[in-house]
K.L.:
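What follows is a structure written as structure tokens; I'll ask about it next.
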Amino acid sequence: MNHLHIALWGVLPYLVLTLFTAGAAWRYHYDRFGFTTRSSQLHEHRLLAIGGPLFHYGLLFVIAGHVVGLLIPETLTERLRVSESLYHANALLVGGTAGLATVTGLGILLYRRLRVPAVRAATSRGDRAVYPLLATVLLAGLTATATGAGHHSYDYRRGVSIWFRSLFTLDPDVPAMVHAPLVYRIHALLAMVLFALWPFSRLVHAFTAPVGYLTRPYVVYRSRTPAPRR
């Protein structure tokens with residue numbers, strides 16, 4: 001283990017977390033109205049209606065799979081009597097399906113952004129940097145999932161997951177990540193770059209989920225039809 005390994009897997013995650021948090025706070029303070037997707041639905045809606053749900057719902061399952069795979073230790077699933085073969089089969093089936101749906105949805109959205117002139121014109125420089133990076137992160141994740149299909153494949157819960165959980169104890173298990181296969185390390189590094197750019201891109205709209213709609217009062221609209229005369 002050398003200084004580069006320590007910098008990548010012991011220092012960089014905390015730098016990314018600091019930039020992510022500080023960047024989001026700065027963006028909210030100085031560009032509160034910029035917390036938006038800058039919707040382009042008025043320019044084109046047919047492809048958006050297909051690619052949008054595929055990407056967003058697929059991404060929700062991808063995130064849920066990462067939470068389960070990285071945060072829940074193997075000892076807990078053993079206590080719940082979930083066999084290792086069942087766990088990995090479920091991760092491969094659900095994770096692979098969710099990943100394919102996300103990549104397909106993103107592909108449709110990128111095709112739409114390139115082919116529709118008005119949507120292409122509304123694409124910022126930050127978007128042009130983030131979209132290819134996001135696609136690469138997803139493809140690297142799918143590749144890592146596919147390589148885990150074999151019986152003697154790498155078990156990320158005994159390596160990557162241990163490193164990830166060790167970050168919360170401020171004692172990073174650098175060797176656990178150093179000995180992970182290259183595709184897992186590439187996926188993790190690209191993901192950290194993505195999170196570093198997150199607050200300064202369109203992706204910041206993920207913080208603006210319309211939770212308030214669940215508790216807001218009803219909006220009463222007047223009918224345009226004139227009331228009948230009595």
Side-chain angles (χ1 to χ4, degrees), residues 8-9 11-45 47-67 70 95 98-145 160 164 167 182-210:
L8 290 178
W9 310 116
V11 178
L12 183 60
Y14 299 107
L15 295 179
V16 170
L17 178 61
T18 301
L19 183 60
F20 180 83
T21 306
W26 176 88
R27 181 83 181 268
Y28 182 79
H29 182 74
Y30 291 101
D31 186 26
R32 189 172 302 181
F33 291 104
F35 270 60
T36 174
T37 59
R38 297 192 299 276
S39 176
S40 56
Q41 185 176 2
L42 291 175
H43 302 306
E44 196 282 334
H45 67 278
L47 291 174
L48 181 63
I50 300 173
L54 270 176
F55 173 72
H56 288 94
Y57 287 117
L59 188 60
L60 286 177
F61 279 96
V62 168
I63 294 173
H66 278 69
V67 170
L70 295 176
L100 287 174
T102 307
V103 170
T104 303
L106 181 61
I108 294 173
L109 295 177
L110 291 179
Y111 173 81
R112 170 181 177 270
R113 191 159 291 275
L114 291 174
R115 297 293 296 177
V116 180
V119 180
R120 185 171 65 249
T123 305
S124 67
R125 293 180 180 178
D127 296 335
R128 293 188 181 97
V130 168
Y131 288 146
L133 177 60
L134 178 58
T136 308
V137 171
L138 291 173
L139 290 174
L142 269 178
T143 304
T145 301
V160 177
F164 185 79
L167 295 176
L182 179 61
V183 65
Y184 285 89
R185 286 178 280 156
I186 292 176
H187 181 54
L189 284 174
L190 292 176
M192 285 192 281
V193 175
L194 181 65
F195 278 105
L197 297 177
W198 192 294
F200 312 103
S201 69
R202 185 190 299 261
L203 297 177
V204 76
H205 79 274
F207 299 130
T208 60

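In what follows, every heavy atom counts, from backbone to side chain, and hydrogens, waters and symmetry copies are set aside.
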K.L.:
Counting only heavy atoms not in Arg120, do more than 12 fall under 6.0 Å of its CZ?
P.N.:
yes
K.L.:
Under the side chain to side chain donor-acceptor pair (under 3.5 Å) test, which residues partner Tyr131, sequence neighbours left out?
P.N.:
Arg202
K.L.:
Quick one: are Tyr14 and Leu167 in side-chain contact, heavy atoms under 4.5 Å?
P.N.:
yes
K.L.:
Below 30° counts as parallel, above 60° as perpendicular, anything between as tilted: where do the rings of His187 and His66 land?
P.N.:
tilted
K.L.:
Where is the tightest heavy-atom contact between Gly58 and Ala101, given as atom of each residue plus distance?
P.N.:
CA-CB, 4.5 Å
K.L.:
If I take atom CG from residue Asp127 and atom CG from residue Leu134, how far apart are they, to the nearest 0.5 angstrom?
P.N.:
11.0 Å
K.L.:
Side chains of Ile63 and Leu59: closer than 4.5 Å at any heavy-atom pair?
P.N.:
yes
K.L.:
Just verifying a value: how many Å separate His56 NE2 and Leu106 CG, rounded to the nearest 0.5 Å?
P.N.:
10.0 Å
K.L.:
Quick one: list whatever passes ring pair (Phe, Tyr, Trp, His ring centres under 6.0 Å) with Tyr184, sequence neighbours left out.
P.N.:
Tyr154
K.L.:
Just how far is it from atom CG of Leu138 to atom CZ of Phe55, taken to the nearest 0.5 Å?
P.N.:
6.5 Å
K.L.:
Between Leu15 and Leu19, does the side chain to side chain contact (heavy atoms under 4.5 Å, CB included) criterion hold? Intermediate values first, please.
P.N.:
CA-CA 6 Å; Leu15 295 179; Leu19 183 60; over 6 Å; no
K.L.:
Indicate the ring-plane relationship of Phe195 and Phe20, choosing parallel, tilted or perpendicular according to the 30° and 60° boundaries.
P.N.:
perpendicular
K.L.:
Could you state the interatomic distance from CG (Leu203) to CG (Leu133), rounded to the nearest 0.5 Å?
P.N.:
9.0 Å
K.L.:
Can you tell me if Arg128 has over 12 outside heavy atoms packed within less than 6.0 Å of its CZ?
P.N.:
yes
K.L.:
Where do Met192 and Leu12 come nearest, in terms of heavy atoms and distance?
P.N.:
CE-CD2, 3.9 Å
K.L.:
To check you understand the geometry: which heavy-atom pair defines the closest contact between Ala196 and Pro199, and what is its length?
P.N.:
O-CD, 3.6 Å
K.L.:
With distance as the sole test, does His29 use its side chain to make a donor-acceptor pair with the main-chain N or O of Ala25 at under 3.5 Å?
P.N.:
no
K.L.:
Taking all non-hydrogen atoms of both residues into account, name the closest pair between Pro13 and Leu8 and its distance.
P.N.:
CD-O, 3.4 Å
K.L.:
Which heavy atom of Phe200 sits nearest a heavy atom of Gly23, and at what distance?
P.N.:
CZ-CA, 3.8 Å
K.L.:
List the residues meeting side chain to side chain contact (heavy atoms under 4.5 Å, CB included) with Ile108, not counting sequence neighbours, and say none if there are none.
P.N.:
Leu47, Ile50, Leu54, Thr104
K.L.:
Donor-acceptor pair, distance only, cut-off 3.5 Å: does the side chain of Ser201 make one with the backbone of Trp198?
P.N.:
yes
